[in-house]
There are 2 protein chains.
Amino acid sequence: MKNEGAPSQVGVKEIAKRANVSIGTVDRVLNNRTGVAVKTREKILKIIKDLDYQPNMMARRLASKRTWKLAVLIPAASGETGYWDAPLNGIRQAAAEVRDFGVIVNEFLFDQNDKSTFSARVNQIMKQEFHGILCAPMFEEETNKLVKKCGTKNIPFVFINSDMDHMQRLSYIGPDLYQSGYLGAHLVHYILREKQQVLIVNISKEMDLHHHLLKKEEGFRAYFDNNGVNAKILKTDIRQTDYRSVKNKLNRVLKEHEVQVIFVTNSRVSTVGKFLEETGKPDIKLLGYDFLPENIEYLKKSFIDFLICQKPQEQGHKGIMALYNYLVLGKQVDMVQHMPIDIITKENYRNYRN
Amino acid sequence: MKNEGAPSQVGVKEIAKRANVSIGTVDRVLNNRTGVAVKTREKILKIIKDLDYQPNMMARRLASKRTWKLAVLIPAASGETGYWDAPLNGIRQAAAEVRDFGVIVNEFLFDQNDKSTFSARVNQIMKQEFHGILCAPMFEEETNKLVKKCGTKNIPFVFINSDMDHMQRLSYIGPDLYQSGYLGAHLVHYILREKQQVLIVNISKEMDLHHHLLKKEEGFRAYFDNNGVNAKILKTDIRQTDYRSVKNKLNRVLKEHEVQVIFVTNSRVSTVGKFLEETGKPDIKLLGYDFLPENIEYLKKSFIDFLICQKPQEQGHKGIMALYNYLVLGKQVDMVQHMPIDIITKENYRNYRN
DNA sequence: CTGAAAGCGCTTACAG
DNA sequence: CTGAAAGCGCTTACAG
């Protein structure tokens, strides 16, 4: 029976004593530096294991001036959508938490409507020496280039927000898109009455982002299929994201079809909320994504019924922590970390934490 | 323009130099110990402020053997309900995180069906010297005694899970009961069809816990009132928590009334789920509280539709951190910290984190 | 390949 | 009321 739970009582001193060497040598094997005789190394390794030695992180940090540089490559929040403010906040918070442990975080923000800015940032990053990279892989080809360079330099990288699982990332941290669509469909199912119809709305001009939305739609439809829901699913794609375009398109669709529930596959749901408000259709139920100020507005006014949200801020936070755990603490990191799928309503948005 | 964000470059040495004293004296005013001339103290204080000095916590901890003892006073998880496992887990996790900073956490668990065990634990706690107390104030009178003793000894205490806001706690961390009932009613409202009835079920033998449930019920009814929902609300109190009693009572009620939705005001909802399963009533929708294994079972089988949950584990975690922040870091702490109100369904329980 | 010394930024006795 | 020294558990040069 060991004195379990208690902080490890032994330090390098004790190890050195038992191994009959100086603490300098112990330090060498602890940080597996070169220049230790194999025999000595093994002896020390055994003692470390027997003693279940845990290094004192504070002492280590105090003594060492070693530094870990991380690069962050995510879209800049734009006037169009403030979504990326949240991950950036999480990143900065995590950066503050690990700063005292020698982690330095550099931000490289790109324009998500312009691939070339992504490439440019990649080039900037590659000019410097980073120990790890946190990336939102928005563009497949360009991301591929980054990944290859990381491969040759042996730099670990973490994806957030969306995944490319064929690339050898250290970890993916983000939403489970399919499942969130599946959940959305279940909510719609509760609302839907006999013979009523639901309308799926995709609002996006970016083809690259599109598979994001399709994954959600897929999950949505799967729910209906798997549960034998025989309500009809209508669908419309809107490629212009401005209010006028959305309004025109919806007006046309709703003239032709009787629709009682609308499911918007991304954060543009507030545009539809505005439409329902202006055209006086409070009875149409509306579901969409993301905890954005404009969405919350319409949630408050009851034009949006449910928002599905996957903690974007925490995604950023966990992204940095994954690299920290891996690089600094030498811990293993989960390959996939799906975020919780949160359901936000008028009643609980005030307590929500991104 | 200061070198913002960067770790403070100055330490006690620099302060000492500028004040023309030794670092010992600087240390004395830093930790406001006695034995420093007023003039000296003021001079040093000014320099500290001018330099925006931030102490290096790691060095501080490494050098100091100072220790902070916290007492935790919560119910033991019982065979009857495992609810309190979650807060305890959170407490232990937080304890592990702050252990290196000299925080020692002692657990005092009582039987929530037996006030005398609560009193006994209070006496044990008061025999020792604790710097802070984390408490689930289940019994008003007994809690009052604890609070008084803390007052005279000037020991800060934090409440979790339920509040007594007239007592001078450092913080309350827990659910917003009223609001969660209100949210439950909104969910029910989506489900409810014309002329259907909802049944509120309180299952509890403890009178002391009862006001907990009533708060939720109050919120539930308030939603119906405020939104002019004219569905009828039935209600039944069940004072025996075993399955037979619940079954008999429900059988009686459902014989007399047509009910389409049942709202259980606490974690006993699985008992009702079992009832629905055994009596073959899958069409009755069921809502209740808490992420417990037995509840998740019935959620999976679709006999429970929604679980409302308020992160019990995080409550414990935050409770310890509140005391740590206050005592060790000297930070201010929010008087009330309401937890998010999470909605759990068959689709998102897998990703849920307590 | 190994050891001894200095130092990280603090706190803790001890001496005066 | 104040200072000088030792030490917390490590890492970092430097010397051999």
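Quick note on labels: first sequence line is chain A, next is B, and so on, each numbered from 1. Scope of the values below: all heavy atoms of this structure, side chains included, with no hydrogens, waters or symmetry mates.
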TODO: Please tell me which of the listed nucleotides, C:dC14, D:dA13, C:dT12, lies nearest to the side chain of A:Arg28?
DONE: D:dA13
- [ ] Rounded to the nearest angstrom, tell me the gap between atom CG in B:Leu30 and atom C1' in C:dT12.
- [x] 15 Å
- [ ] Could you tell me the separation between the CG atom of B:Asn31 and the P atom of C:dA13, rounded to a whole number of Å?
- [x] 13 Å
- [ ] Please report, rounded to the nearest Å, how far the C1' atom of D:dC10 is from the CD atom of A:Gln54.
- [x] 15 Å
TODO: Starting at atom CZ of A:Arg41, determine the distance to atom C1' of C:dT2, rounded to an integer number of angstrom.
DONE: 13 Å
Task: Donor on one side chain, acceptor on other, B:Gln310 and B:His338, under 3.5 Å - done: no
Open item on the list: For D:dT12 and A:Ser64 - does any side-chain N or O of the residue sit under 4.0 Å from the phosphate oxygens OP1/OP2?
Closed with: yes
- [ ] Please check the phosphate of D:dT12 (OP1 and OP2 only) for any side-chain N or O of A:Arg33 closer than 4.0 Å.
- [x] yes
Task: Candidate nucleotides C:dG9, D:dC10, C:dT2, ranked by approach to the side chain of A:Ala63 - the nearest - done: D:dC10
TODO: Taking only the side-chain heavy atoms of A:Arg60 (C-beta and beyond), determine which of D:dA4, C:dT2, D:dC10 contains the nearest atom.
DONE: D:dC10
Give every donor-acceptor pair under 3.5 Å between a side-chain atom in residues 319-328 of chain B and any protein atom, sequence neighbours left out.
{"residue": "B:Asn325", "atom": "ND2", "partner": "B:Met321", "partner atom": "O", "Å": "3.1"}

Task: Whole angstrom value for the distance that separates P of C:dG7 from CG of B:Asn56 - done: 18 Å
Open item on the list: Using whole Å, what does the distance between atom P of nucleotide C:dC1 and atom CD of A:Glu42 come to?
Closed with: 13 Å
- [ ] Take atom CG of B:Leu62 and atom C1' of C:dG9, then tell me their distance rounded to the nearest Å.
- [x] 9 Å
Open item on the list: So B:Leu329 and B:Met57, do their side chains get closer than 4.5 Å, heavy atoms only?
Closed with: yes
Task: Distance test, side-chain N/O of B:Tyr53 to OP1/OP2 of C:dC10, below 4.0 Å - done: yes
TODO: May I ask you to evaluate whether B:Thr25 reaches the phosphate of D:dC1, defined as a side-chain N or O under 4.0 Å from OP1 or OP2?
DONE: no
Open item on the list: Need the pair for C:dA15. Rule: Watson-Crick or G-U wobble, both distances under 3.5 Å, any strand; none if unpaired.
Closed with: D:dT2
Task: Integer-rounded Å distance: C:dG7 P and A:Arg61 CZ - done: 19 Å
Open item on the list: Closer than 3.5 angstrom, by distance alone: can the side chain of B:Ser171 be matched with the main-chain N or O of B:Asp334 as a donor-acceptor pair?
Closed with: yes
TODO: Answer yes or no: does a side-chain N or O of B:Lys13 lie under 4.0 Å from OP1 or OP2 of C:dC8?
DONE: yes
TODO: List the steps and the verdict of ring-ring contact (aromatic ring centres under 6.0 Å, His included) for A:Phe159 and A:Tyr172.
DONE: CA-CA 5 Å; A:Phe159 287 158; A:Tyr172 163 63; 7.9 Å; no
Task: Nearest heavy atoms of B:Pro75 and B:Ala136, plus distance in Å - done: CD-CB, 3.9 Å
Open item on the list: Using the side-chain heavy atoms of B:Arg66, tell me which of these nucleotides is nearest: D:dT12, C:dC1, C:dT12.
Closed with: C:dT12
- [ ] Taking only the side-chain nitrogens and oxygens of A:Ser22, find out if one of them lies under 4.0 Å from OP1 or OP2 of C:dT2.
- [x] no
Open item on the list: Base, sugar-phosphate or nothing for B:Thr34? Non-hydrogen atoms, less than 4.0 Å.
Closed with: nothing
Task: Proximal nucleotide (of D:dC10, D:dG3, C:dG3) relative to the A:Ile23 side chain - done: D:dC10
Open item on the list: Nearest heavy atom decides the nucleotide; on that basis, is B:Gly24 or B:Lys65 closer to the 5' end of DNA chain D?
Closed with: B:Gly24
Open item on the list: Given C:dC8, D:dA13, C:dC10, identify the nucleotide with an atom nearest to the side chain of B:Ala59.
Closed with: C:dC10
